[in-house]
Amino acid sequence: MNDVKLTVLGGEGTGKSALIVRFLTKRFIGEYASNFESIYNKHLFLEGKQLNLEIYDPCSQPQKAKFSLTSELHWADGFVIVYDISDRSSFAFAKALIYRIREPQTSHRKRAVESAVLLVGNKQDLCHVREVGWIEGHRLALENRCQFCELSAAEQSLEVEMMFIRLIRDVLTNLKLKEKRRYSGSKSMAKLINNVFGKRRKSV
């Protein structure tokens, strides 16, 4: 069984927990306590594989707070970054989160494959008080090699489900690529060892 680990990040009140619960249960709950962190588990069958999905929902951080994401970057295979289309400050916070994830990797945190990231503009049902345009969200995602969608956790159960499935598919593609590179690297090392020591054995 393949393990897939996702982390959902965003400013307070953007609807992170609502999106997760909508995906897992198809129900919409409008308000959540933001001072608790949770890890949700779900088994699902996708592309002929049985998957063990873990979704991490951290405590909401004040949008002006400093953040490191060190543990999340080590743990997660993919990220959902959420902003509220009716709150421009939440979009600025989402942008900072994406920059943190995409910043040049340091020596102690190198990844064989870049993390899958999906930027989500939530609360599309509040488009009459919109502060962030669709084009802005799409451009930010495009510039940072992310998937993008706009939706409403309150009104669009199917769209929320497809959003998560889309990210999980990206993660599975990355895991295949990572495994392929690892196998290729092991094969090259084995060949090198054989070239060095194999010839030596023949000369004895």
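Worth saying up front: this structure is predicted, and the values here are computed from it rather than measured.
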Would you call [X] and [Y] a salt bridge, using N to O less than 4.0 angstrom?
X: Glu54; Y: Lys42; value: no
X: Glu136; Y: Arg88; value: yes
X: Asp77; Y: Lys5; value: no
X: Arg100; Y: Glu103; value: yes

[X] versus [Y]: any side-chain heavy-atom pair under 4.5 Å?
X: Val80; Y: Thr7; result: no
X: Ile55; Y: Phe164; result: yes
X: Ile165; Y: Leu44; result: yes
X: Leu53; Y: Ile168; result: yes
X: Asn122; Y: Asp84; result: no
X: Phe148; Y: Arg139; result: no
X: Leu51; Y: Phe45; result: no
X: Leu19; Y: Val8; result: no

Please report the shortest heavy-atom distance between [X] and [Y], naming the atom on each side.
X: Ser115; Y: Asn174; result: C-ND2, 4.1 Å
X: Ala153; Y: Phe28; result: O-CD1, 3.4 Å
X: Arg145; Y: Arg102; result: O-NH2, 2.9 Å
X: Tyr83; Y: Ala94; result: CB-CB, 4.0 Å

Atom pair NE2 (His138) and CG (Leu142), whose distance is rounded to the nearest 0.5 Å
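Reported value, rounded in 0.5 Å steps: 5.5 Å.
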Measure the spacing between OH of Tyr40 and OG of Ser17 and express it to the nearest 0.5 Å.
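Here the rounded value is 5.0 Å.
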Step-by-step side chain to side chain contact (heavy atoms under 4.5 Å, CB included) determination, Leu172 to Leu46
CA-CA 10 Å; Leu172 291 175; Leu46 185 66; 4.2 Å; yes
Grouping I, L, V, M, F, W and Y whenever their side-chain heavy atoms are under 4.5 Å apart, do [X] and [Y] come out in a common cluster?
X: Ile29; Y: Leu151; value: yes
X: Met162; Y: Leu24; value: no
X: Tyr99; Y: Phe91; value: yes

Worked check of salt bridge (Lys or Arg N to Asp or Glu O under 4.0 Å) between Glu150 and Arg130
CA-CA 12 Å; Glu150 231 189 51; Arg130 177 191 289 276; 2.8 Å; yes
Does the side chain of [X] pick up a donor-acceptor pair with the side chain of [Y] at under 3.5 Å?
X: Glu37; Y: Tyr56; value: yes
X: Asp170; Y: Gln147; value: yes
X: Asp57; Y: Ser38; value: no
X: Asn52; Y: Asp3; value: yes

Kindly say whether Gly10 contributes a backbone atom to a donor-acceptor pair with the side chain of Thr14 at under 3.5 angstrom?
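Looks like no, no N/O pair under 3.5 Å.
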Please confirm whether the backbone N or O of Ser152 pairs with a side-chain atom of Arg22, one donor and one acceptor, at under 3.5 Å?
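Not at all, since once roles are kept as given, no pair shorter than 3.5 Å links the two residues.
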Run the side chain to side chain contact (heavy atoms under 4.5 Å, CB included) check on Gln50 and His43 step by step: do they pass?
CA-CA 7 Å; Gln50 194 75 27; His43 294 302; 4.2 Å; yes
Are more than 12 heavy atoms, taken from residues, nucleotides or ligands other than Ile135, located less than 6.0 Å from that residue's CD1 atom?
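Not buried by this count: 12 neighbours or fewer within 6.0 Å.
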Run the side chain to side chain contact (heavy atoms under 4.5 Å, CB included) test on Arg166 and Cys149 for me, step by step, so that the C-alpha distance in whole Å, both residues' side-chain angles and the decisive distance to 0.1 Å come before the verdict.
CA-CA 10 Å; Arg166 190 169 151 196; Cys149 69; 3.9 Å; yes
Using the rule given for salt bridge (Lys or Arg N to Asp or Glu O under 4.0 Å), can you reason through Glu161 versus Lys26, listing the C-alpha separation, both sets of side-chain angles and the distance that settles it, and then say yes or no?
CA-CA 8 Å; Glu161 181 180 357; Lys26 300 190 185 308; 3.2 Å; yes
Criterion side-chain contact (heavy atoms from CB on, under 4.5 Å) against Cys146, the qualifying member of Ile81, Val117, Leu118:
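Of Ile81, Val117, Leu118, side-chain contact (heavy atoms from CB on, under 4.5 Å) with Cys146 is met by Val117 alone.
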Could you check Leu126 against Gln124 for side chain to side chain contact (heavy atoms under 4.5 Å, CB included), going step by step and ending with a plain yes or no?
CA-CA 5 Å; Leu126 300 179; Gln124 198 180 48; over 6 Å; no
